[in-house]
Every structure is written in structure tokens, then in C-alpha cells.
Chemist: 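Could you have a look at this structure, given as C-alpha cells, before my questions?
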Amino acid sequence: MPINSSWIADSYRVLESIAGQNEEYRKKRDGFEYPIKLGTSEVLKPAKSHFLDDPLKFYKWYCAHPDDLILSLKDKIGLFQTVHNKDNQRFYRSICLC
């Protein structure tokens, strides 16, 4: 019996909508695109936008809130490299092992 492609697409949409309600799954799936606030007065926007605006501030926030955002190893390395290249001395004073 051949598999109906519309049935597969419908099943995927249902599973994705159910999984999308799980906060941890969304953090892991979205990574840098997950919306966050860096401070109480900040706007809720994708993490990458905060990172591009002020990498050092984002890095300090990420170290203080490691469970609020799940970054891939590639994104973490990119974050460390960017902060290191921007301000070498401040990076070593504020280093954390996230």
C-alpha cells in the first residue's frame, strides 16, 4: 500500500504543533532565533538580533541565563570568537564556561 504524502504532511504538522508548545523544544529548535529580553526594559526580539547589536552584553546575559537559550556548539563558538575579537581584555575578565 503506497504512503499518502498528504497524510504524512498532516501528521508532521500535528506533531510540530504539539512539540511547539513545549518551551524546551522551541528553545532547542529555534536557537539564535528564539525571542528573548536582555533586560527588563529591553524589547522581546530574536537572540541573534541582540547578539548583533551588542555581542558583549549578549554574552554576559547568556552566561547569567544559560537555561534561557539553547545554542548549538557552532553558535557558542561564534559567540566566543566574536566577543574575543571585539574586546580581548574584557572578554577574559568576564569569561564563563557556558
Chemist: Which heavy atom in L79 sits nearest to a heavy atom in P55, and how many Å separate them?
Modeler: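 It is CD1-O, 4.3 Å.
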
Chemist: Going by the rule side chain to side chain donor-acceptor pair (under 3.5 Å), which residues pair with D68 if we only count those two or more places apart in sequence or in a different chain?
Modeler: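 Per chain and number, D68 pairs via side chain to side chain donor-acceptor pair (under 3.5 Å) with no residue.
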
Chemist: Locate the shortest heavy-atom distance separating P66 from C63; write the atom from each residue and the value.
Modeler: CD-O, 3.5 Å

Chemist: Could you work out, with side chain to side chain donor-acceptor pair (under 3.5 Å) as the rule, every residue matching K37, not counting sequence neighbours?
Modeler: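 With neighbours one apart ignored, the set is empty.
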
Chemist: Who passes side chain to side chain contact (heavy atoms under 4.5 Å, CB included) against K48, sequence neighbours left out?
Modeler: F32, E33, L52

Chemist: Among residues at least two apart in sequence or on other chains, which ones pass side chain to side chain contact (heavy atoms under 4.5 Å, CB included) with L38?
Modeler: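 So L38 forms a side chain to side chain contact (heavy atoms under 4.5 Å, CB included) with I36, E42, H50, K57, F58, W61.
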
Chemist: Under a 4.5 Å side-chain heavy-atom rule over Ile, Leu, Val, Met, Phe, Trp and Tyr, are Y62 and L56 clustered together?
Modeler: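 Linked, Y62 and L56 end up in one cluster.
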
Chemist: Quick one: list whatever passes side chain to side chain donor-acceptor pair (under 3.5 Å) with S72, sequence neighbours left out.
Modeler: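 By the side chain to side chain donor-acceptor pair (under 3.5 Å) rule, S72 matches D75.
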
Chemist: When clusters are formed from ILVMFWY side-chain contacts under 4.5 Å, directly or step by step, what else is grouped with L44?
Modeler: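 Answer for L44: none, a lone residue.
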
Chemist: Decide yes or no for F80 and Y59: does some side-chain heavy atom of the first lie under 4.5 Å from some side-chain heavy atom of the second?
Modeler: yes

Chemist: Give me the atom names and distance for the closest heavy-atom approach of A47 to L69.
Modeler: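 Closest heavy-atom pair between A47 and L69: CB-CD2, 3.7 Å.
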
Chemist: Mind checking side chain to side chain donor-acceptor pair (under 3.5 Å) for D53 and listing every partner two or more places apart, or none if nothing turns up?
Modeler: K45

